[in-house]
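Structure record follows, encoded as structure tokens.
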Amino acid sequence: MRKVKQNPFVPVGLAGFFAIVGYKLMKMRSRGDTKMSVHLIHMRVAAQGFVVGAMTVGVLYSMYKDFIVKPREEEKTAANK
């Protein structure tokens, strides 16, 4: 739980990964004349893209907290002293 609080976008990325994989596996029956390998490659790319996007948003959120929010709080505490 401590790790989830530190970086909340990793569980979001994992949930999205499993959601995309589950959806694409269900859609596999109606893939038409698309080859199995092409369908699996598209599924992998979509799932990995979601995870990378979630991790990128998590890193940006972390940087925002560390470099924008924290210095403002430090300025306020210094001004109150």
Could you see if [X] belongs to whatever hydrophobic cluster contains [Y]? Use Ile, Leu, Val, Met, Phe, Trp, Tyr and a side-chain cutoff under 4.5 Å.
{"X": "Phe18", "Y": "Val51", "value": "yes"}
{"X": "Met55", "Y": "Phe17", "value": "yes"}
{"X": "Ile68", "Y": "Leu60", "value": "no"}

- Would a distance-only check, ignoring hydrogens and angles, find a side-chain to backbone donor-acceptor pair under 3.5 Å from His42 to Lys24? no

- Item | Atom of Met28, atom of Leu40 and distance for their closest heavy-atom approach |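 Minimum heavy-atom separation between Met28 and Leu40: CE-CD2, 3.8 Å.
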
- Considering non-hydrogen atoms only, spot the tightest contact between Gly13 and Ala54 and give its length. CA-CB, 3.6 Å

- Query: Out of curiosity, Asn80 CG to Glu75 CD, how far, rounded to the nearest 0.5 Å?
  - Reply: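 It is 11.5 Å, given to the nearest 0.5 Å.
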
- Does anything in residues 51-81 pair up under ring-ring contact (aromatic ring centres under 6.0 Å, His included), and if so which pairs, sequence neighbours excluded? Phe9-Tyr61

- So Lys35 and Val38, side chain to side chain contact (heavy atoms under 4.5 Å, CB included) or not? Walk me through it. CA-CA 5 Å; Lys35 288 184 176 182; Val38 172; 4.2 Å; yes

- Report yes if some heavy atom in the side chain of Arg44 is under 4.5 Å from a heavy atom in the side chain of Val21; otherwise report no. no

